[in-house]
Protein chains: 2
Amino acid sequence: MTTPTTAGTLRSRRIARCRQRLVEVALPAFAERGYDAVTVDWLCDQAEVSKRSFFRYFAGKEDLALTPLNDVWRTLIAELDEVLARRGPLLEVVGDALVEVVERMPPGWERPAVLSARLSGTHPVVDAAGMLVCERFTQQVVDAIVERLDGAPAADLSARVVCAIVVTAHRAAVDAWCSPPDAATSASRAELCALIRTSLTAAPAALELTLD
Amino acid sequence: MTTPTTAGTLRSRRIARCRQRLVEVALPAFAERGYDAVTVDWLCDQAEVSKRSFFRYFAGKEDLALTPLNDVWRTLIAELDEVLARRGPLLEVVGDALVEVVERMPPGWERPAVLSARLSGTHPVVDAAGMLVCERFTQQVVDAIVERLDGAPAADLSARVVCAIVVTAHRAAVDAWCSPPDAATSASRAELCALIRTSLTAAPAALELTLD
DNA sequence: TAGCGAACTGGCACTCAGCGGCAGTTGGCA
DNA sequence: TGCCAACTGCCGCTGAGTGCCAGTTCGCTA
């Protein structure tokens, strides 16, 4: 679903399968019975994984709930070096890279992603965990940019602001994407990519927004 | 510290004093012995408040840890109607309002605020809780703006982006403000306000940041 | 292809955050 | 003065997350 099960050693594939099994059990369960009503113990029972292992695979219950969405950011982080080697306005470079990563998510990613996004919208605890991952992403970008544009004044702040805009555009796009009632079955990733692109291009105009 | 103890009914003043006592005990303890090492039970013991009441006064341990910083956002939220009645670019309006709120925080606010900010920098759990409050702020602004500029295209997204920039500028300013080793005793609120203003005016230039 | 070492695993018991229920208290107000 | 509603403390519970350790499984090397 979120990690191809056909690469690496036997061991790492087994882990990937376990993680995947947990995600597959968890997200529909969260949607049907409620996030709080589904306990980690129950999930472990269902997926036949010990609780101890659960916390080796996931940083916590929220991490599990956000796996599909977080995978996007984690992939982006992993590819940062390559991304930041490109030329052009940072906002475009990062924004484009984000869209590309979404386009490359494994087949079948959409359905859990929608469930994950909805959970994030309704459960602040989950939402917060998602923001944390975005924050980690921002930190990486800032570090890389500061090192790269060593002398530039306020490169640090600029990088932060750019990331904030990208993250905001992404959030807005995902919100819109997952809200139609039939999104879980019909939302396409092309749609999401289009939404992200629209938000990204519309974002700079926000600075002109004036009251009265 | 964070709420004047001289207003409202006897009852509400008692509550305010309890909250304050807890904050006063907690923040230094977190700083000295570590956030995780200080348990809620211990804090309740020290402040002579039952655990049950603790969770009536605070949304959780992180909420307590962030009280000084969160108070800023909560005040801003409370005054939103008045703030959004002003004229001018939204970014300026909201940014200015934020600075004004900081300026009006009660005397002695600085020291716990610094401790709070440091905690937020070192403990992701705390940081996440802080972002959640900012998110709540953003949501309020978005709702108000959408209602106000009913017809405007993408008013929703624009409001989000503006808030994201304000929040980012604030974060950057607070980071810089609390990092000198002697900040806990010497950091002044004028300094913080200046930092926020600088970040806010520098932020729009981020859109121009270009690689190579 | 045997076997060694490292990495992983499950199980158990534990800590701690946070909540629900309830009976007792307190303060606001008529 | 006395009533009512809001608040309080206490008890016990659930569930997330961790530390420990002995057992196993896999990958690698000879």
Side-chain angles (χ1 to χ4, degrees), chain A residues 3 5-23 25-27 29-30 33-67 119 123-130 132, chain B residues 3 5-23 25-27 29-30 33-67 119 123-130 132:
Chain A
T3 321
T5 45
T6 51
T9 66
L10 200 159
R11 208 163 225 161
S12 67
R13 266 180 291 148
R14 223 161 58 86
I15 294 180
R17 247 182 301 125
C18 271
R19 282 181 56 101
Q20 187 177 329
R21 207 160 0 113
L22 278 163
V23 173
V25 172
L27 286 174
F30 289 152
R33 315 215 318 269
Y35 182 71
D36 295 319
V38 178
T39 71
V40 171
D41 289 288
W42 183 84
L43 287 172
C44 291
D45 246 32
Q46 295 295 307
E48 293 182 303
V49 175
S50 82
K51 196 180 174 184
R52 205 62 195 75
S53 295
F54 177 96
F55 287 102
R56 278 191 271 259
Y57 298 155
F58 298 97
K61 198 182 173 185
E62 301 95 43
D63 183 35
L64 164 66
L66 284 169
T67 301
L119 220 43
H123 290 74
V125 205
V126 179
D127 201 26
L132 227 42
Chain B
T3 319
T5 47
T6 50
T9 66
L10 202 160
R11 210 164 224 158
S12 68
R13 267 181 291 150
R14 224 162 59 85
I15 294 182
R17 248 182 301 125
C18 269
R19 284 182 55 101
Q20 187 176 329
R21 206 157 3 111
L22 278 163
V23 173
V25 171
L27 287 174
F30 288 154
R33 316 213 320 266
Y35 181 71
D36 296 318
V38 178
T39 69
V40 172
D41 289 288
W42 183 85
L43 287 172
C44 292
D45 246 31
Q46 294 295 308
E48 294 182 301
V49 174
S50 84
K51 197 180 173 183
R52 201 64 193 75
S53 295
F54 178 97
F55 287 103
R56 278 191 271 258
Y57 298 154
F58 298 98
K61 197 181 172 186
E62 302 94 44
D63 184 34
L64 164 66
L66 283 169
T67 301
L119 219 45
H123 290 75
V125 205
V126 179
D127 200 25
L132 227 42

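No hydrogens, no waters, no symmetry mates; every other heavy atom, side chains included, goes into these values. Small disclaimer: the values here were computed from a predicted structure and weren't measured. Naming: A, B, ... by sequence-line order, numbering from 1 per chain.
Following rounding to the nearest Å, A:W42 (CH2) and D:dA16 (P) show an atom-to-atom distance of 13 Å. For B:L22 and C:dG18, the CG to C1' distance is 15 Å, given to the nearest whole Å. Nucleotide C:dA6 holds its P atom 18 Å from the CD1 atom of A:I15, rounded to whole Å. B:F55 places its CZ atom 13 Å from the P atom of C:dC16, with the value rounded to the nearest Å. Between A:R13 atom CZ and C:dC8 atom C1' the separation is 16 Å, expressed in whole Å. Summarising the geometry, the separation between NZ on A:K61 and C1' on C:dA17 is reported as 14 Å, rounded to the nearest angstrom. When rounded to the nearest whole Å, the span between CG of B:D41 and P of D:dC10 equals 12 Å. What separates CZ of B:R19 from P of D:dT8 is a distance of 12 Å, to the nearest Å.
You'll find a donor-acceptor pair under 3.5 Å spanning the side chain of A:K51 and the base of D:dG17, going by distance alone.
Taking only side-chain nitrogens and oxygens, B:Y57 never comes nearer than 4.0 Å to OP1 or OP2 of D:dC7.
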message: Evaluate A:R19 against A:F54 for side chain to side chain contact (heavy atoms under 4.5 Å, CB included), listing each step before the verdict.
response: CA-CA 8 Å; A:R19 282 181 56 101; A:F54 177 96; over 6 Å; no

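A distance of 10.0 Å separates CD of B:E62 from CG of B:L132, quoted to the nearest 0.5 Å.
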task: Indicate for each nucleotide in nucleotides 21-27 of chain C, in 5' to 3' sequence, whether protein heavy atoms under 4.0 Å reach the base (B), only the sugar-phosphate (S), or nothing (-).
output: B----BS

